[in-house]
Amino acid sequence: MLIYDTLSRRKREFVPLRQGEVRMYTCGPSVYSTPHIGNFRTYVVEDVVKRVLLFNGYRVTHVMNITDVEDKMVREARGSRRRLREIAAKNERYFKECSRRLNLIPADHYPRASENIEAMVALIKRLMDRGLAYRDEAGNIFFDVSRFRRYGMLSHYRFRRGLEGRIYRDDYSQGEAGDFILWKAWRRSDGDIYWDTELGRGRPGWHIECSAMSIRYLGIPFDIHMGGIDNIFSHHENEIAQSAGATGKIPARYWMHVRHLMVNRRKMSKSLGRSYTVEELRRRGFSYRVIRAYLLSQHYRRRLNFTFPGLRRKAREVQRCQDLIRRLRRVKGAVDSEAADRAIDRALSDFTFHVNNDIDIPAALDTLCSLVRRLDQLERRGKLGPGNASRALQAIRRMDSVLGIIF
RNA sequence: GCCGGGGUUGCUAAGCUCGGUAAAGCGGUGGGCUGCAGACCCGCUAUUCGUCGGUUCAAAUCCGACCCCCGGCUCCA
C-alpha cells in the first residue's frame with residue numbers, strides 16, 4: 001500500500017509500526033459552529049483511508065479530537081462556561097449525526113480538549129523544563145521556535161528569525177517570526193472559562209491539544225496523522241514542534257492532507273460566501289450516499305469543484321449501481337458464464353490496486369462503474385447466471401466496504 | 001514576496017513518472033429492446049491537449065520561456 005506523505009513529499013510504502021495494527025489520528029471539528037460539506041470532504045476521506053486499511057486486513061485504532069476550547073468557542077460563549085458547554089454539546093451532536101448519515105465509521109475515541117487539560121498542562125511543563133517554552137509578564141506561555149531546529153520541516157515554511165515574534169497580541173501571537181502560544185492566561189473577557197492549574201489560571205492554546213491527546217490516546221510515535229491541507233501550517237507544524245520538543249520523537253510516521261472542496265473556484269467556506277451543509281443538500285433531494293460519493297469523486301490530493309450538475313451526475317451513477325444490485329438479486333434462468341467471472345475477478349483486483357495506490361478512489365470508482373456496465377451487457381446477452389450474480393454481489397459488497405456509497 | 005497545485009472534447013476529467021500518435025462517465029444525437037415509459041443494449045460525438053519555441057523518425061507526455069487560474073503563508077477541513 002502506497003501513501004503520499006507530506007513530510008517526505010513522496011509516496012511511501014506503508015508499513016505500520018506494529019505489525020497488523022494501525023494507529024491513526026485525525027484532526028476533528030472545532031465545535032463552535034456547524035460544519036459544511038467542505039469540512040466533511042476531509043472527514044469522508046479520512047474515513048475511506050481507515051476503510052482501506054481495514055480492507056487490507058489491518059486493525060485500526062482511530063482517534064478524532066473534538067476541539068471545544070479555543071478562541072472562537074470562547075468568543076461564541078461570551079465568557080460563559082455553561083454556554084460554552086451547551087454550544088459544544090449541540091455542535092458535537094450535530095457533527096456526529098452528520099457523520100453517521102454520511103456513513104462514517106465512528107472513531108474509537110473522540111477526546112474533548114476540555115477533558116484533557118491535565119495532559120496538556122503536563123506537556124507544557126515538560127517543554128518549559130526543557131527550555132523550549134517561556135512565560136511572559138501576563139502569564140502566557142509560548143513555544144520558543146528558535147529552540148527547535150527542525151521547525152518548518154513539514155510546511156517548508158521559511159521562518160525568519162530575530163523579528164519581534166514574541167508579542168502577545170489579542171489572539172495568537174505567531175506572526176511570521178512568531179512563537180506560538182501554549183497557554184493563555186485568564187483575561188476578564190474569558191469570564192468563567194478557565195482552569196486553575198500549576199501553570200496558573202487560564203486555558204490551553206489550540207495546538208497543544210492535538211499533541212497532548214494524540215500522545216495520550218495513541219502513544220508516540222503513531223502511524224498516520226491526517227487533516228485538511230490548511231493544517232500543514234501552522235497547526236501540524238506546531239504539533240510536531242511540541243510533541244517532538246517534549247519527547248524527542250516526531251509524532252506520526254505518515255502525514256496525509258486533504259485538499260479543499262471548492263465552490264466557484266474558491267475554497268468553500270462560510271465567510272467567503274457560499275457554503276452548503278449536508279442537510280441543505282439532503283433537502284434538495286440528494287441522498288447521503290450520493291453526497292458521500294460526490295465528496296469522493298476526486299482524488300483527495302486534488303481540489304474538488306463543487307457544482308450541482310456534478311452532484312446530479314454522481315446521483316445517476318450511484319443509482320445505476322443500485323439498480324444493478326437489485327437486478328443481480330433476481331437473476332435466474334440464465335446460465336453462468338466464465339466471461340462474467342473473469343470480469344468480476346479483474347474488477348476486484350484493479351480495485352485493490354487503485355485503493356492501495358495512495359487511496360485512488362476515483363480510479364477505484366471507475367473500476368466499479370466499468371464492472372457494472374459490463375455486467376449489464378452480459379445480462380443483456382443472457383450470459384449472467386445466478387452463480388455469477390452472487391459472486392458479483394459479493395465483490396461489489398467488498399468494494400463498497402471501502403466506498404460506503406451503495407449498501 | 002515565499003511554498004504548493006492546475007490549465008486536455010459541451011461538462012466532470014484519465015493519460016504526463018517509463019515520449020509512439022487522445023480513457024471513462026455525464027450530456028447530446030441516431031438506432032435497438034419494450035404494450036407505453038423508464039431501465040438496459042449498440043453506434044456517433046476532441047486531427048487535438050494554456051501560448052510560443054526547442055529536442056526527436058515520433059510530444060498532451062521531455063527541455064526552455066511566457067500567459068492565466070487557484071490553495072497555503074492570520075483562525076480554518
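Residue numbering restarts at 1 for every chain, and letters A, B, ... go by the order of the sequence lines.
Cation-pi contact between A:R81 and A:W195: present, with separation from the ring centre below 6.0 Å and deviation from the ring axis of at most 45°. Relative to the ring axis of A:Y194, A:R203 does not place its NZ or CZ within 45° and under 6.0 Å from the centre. Remark: A:R301 qualifies as a cation-pi partner of A:Y4 under the 6.0 Å distance and 45° angle criteria applied to the six-membered ring.
The shortest distance between the side-chain N/O atoms of A:Q377 and the OP1/OP2 oxygens of B:rC42 is below 4.0 Å.
A:G310 comes within contact range of no nucleotide atom at all, as no heavy-atom separation falls under 4.0 Å. If you check every strand for non-hydrogen atoms under 4.0 Å, A:F40 touches nothing. Looking at heavy-atom distances under 4.0 Å, A:L261 makes contact with a base. Within the 4.0 angstrom heavy-atom criterion, only backbone atoms of the sugar-phosphate kind lie near A:D376; the bases stay farther away. Residue A:R312 is out of contact with every strand shown, counting any heavy-atom pair closer than 4.0 Å. Residue contacts for A:H36: at a heavy-atom cut-off of 4.0 Å it reaches a base atom on one of the strands shown. Across all strands shown, A:R303 has heavy atoms under 4.0 Å from base atoms, whether or not it also approaches the sugar-phosphate. Nucleic acid contact for A:R9: sugar-phosphate only, since backbone atoms but no base atoms lie under 4.0 Å from a heavy atom of the residue. Among the protein residues, A:N305 comes within range of no part of the nucleic acid, since none of its heavy atoms lies under 4.0 Å from any strand.
Taking atom C1' on both nucleotides, B:rG20 is separated from B:rC62 by 14 Å, rounded to a whole Å. Straight-line distance between the C1' atoms of B:rA60 and B:rA46: roughly 12 Å, to the nearest whole Å. Going from the C1' atom of B:rU9 to that of B:rG15 covers 14 Å, rounded to whole Å. For the P atoms, the distance from B:rC70 to B:rG53 is 28 Å, rounded to whole Å. Across B:rG25 and B:rC41, the matching P atoms stand 10 Å from one another, rounded to whole Å. Taking the P atom of each, B:rU55 and B:rA14 are spaced 31 Å apart, rounded to whole Å. Between B:rA59 and B:rU8, the distance separating the two C1' atoms is 14 Å to the nearest Å. Distance check on atom P: B:rC42 versus B:rC52 gives 40 Å, rounded to whole Å.
For A:F233, whose side chain is taken as the heavy atoms from C-beta onward, the closest listed nucleotide among B:rC75, B:rC26, B:rC73 is B:rC73. Nearest nucleotide to the side chain of A:R327, out of B:rC26, B:rA39, B:rC41: B:rA39. Closest to the side chain of A:N39, out of B:rG25, B:rA39, B:rA77, is B:rA77. For A:R266, the side-chain atoms get nearest to B:rC70 when compared with the rest of B:rC41, B:rG5, B:rC70. Considering only side-chain atoms of A:R302, the nucleotide from B:rG6, B:rC42, B:rC26 that sits closest is B:rG6. Comparing B:rA77, B:rA39, B:rU74 against the side chain of A:D323 picks out B:rA39 as the nearest. Among B:rG25, B:rU74, B:rC40, the nucleotide with an atom closest to any side-chain atom of A:R380 is B:rC40.
The pairing partner recorded for B:rU34 is none, the criterion being a Watson-Crick or G-U wobble arrangement whose two distances lie under 3.5 angstrom. Under the Watson-Crick or G-U wobble criterion, with both distances below 3.5 Å, B:rG43 is paired with B:rU29. Base pairing of B:rG20: its partner is B:rC57, meeting the Watson-Crick or G-U wobble criterion (both donor-acceptor distances under 3.5 Å). Figure legend. B:rG1 is base-paired to B:rC73; pairs are counted as Watson-Crick or G-U wobble with both atom distances under 3.5 Å.
The distance from atom CG of A:L2 to atom P of B:rU17 is 18 Å, rounded to the nearest whole Å. Here B:rU12 presents its C1' atom at 14 Å from CZ of A:F306, a figure rounded to the nearest Å. In this structure, the CG atom of A:L324 is 20 Å from the P atom of B:rG38, given to the nearest Å. The distance between atom CG of A:D230 and atom C1' of B:rU74, rounded to the nearest whole Å, is 12 Å. Atom pair A:I229:CD1 and B:rC70:C1' shows a separation of 11 Å (rounding to whole Å applied). Remark: P of B:rC3 and CD1 of A:I232 are 15 Å apart, rounded to the nearest angstrom. Put simply, NE2 on A:H156 is 19 Å from C1' on B:rG1, counting in whole angstrom units. Per the geometry, CZ belonging to A:R292 stands 16 Å off C1' belonging to B:rA77, to the nearest Å.
Using a 30° and 60° split on the angle between ring planes, A:H207 and A:H235 fall in the tilted class, from 30° to 60°.
Partner of A:Y276 under the ring-ring contact (aromatic ring centres under 6.0 Å, His included) criterion, chosen from A:F286, A:Y294, A:F40, A:F306: A:F306.
Salt bridge status for A:R380 with A:D376: absent, with no side-chain N to carboxylate O gap under 4.0 Å.
Each of A:T42 and A:R374 has a nearest nucleotide on RNA chain B; the 5'-most of these lies closest to A:R374. Both A:I37 and A:Q298 sit near RNA chain B, but only A:Q298 has its closest nucleotide nearer the 5' end.
Not one N or O on the side chain of A:D358 forms a donor-acceptor pair closer than 3.5 Å with the backbone of A:I3.
Inter-residue side-chain proximity for A:R135 and A:M128 is flagged as met; some heavy-atom pair is nearer than 4.5 Å.
Between the side chain of A:R265 and the base of B:rC70 there is no donor-acceptor pair of N/O atoms closer than 3.5 Å.
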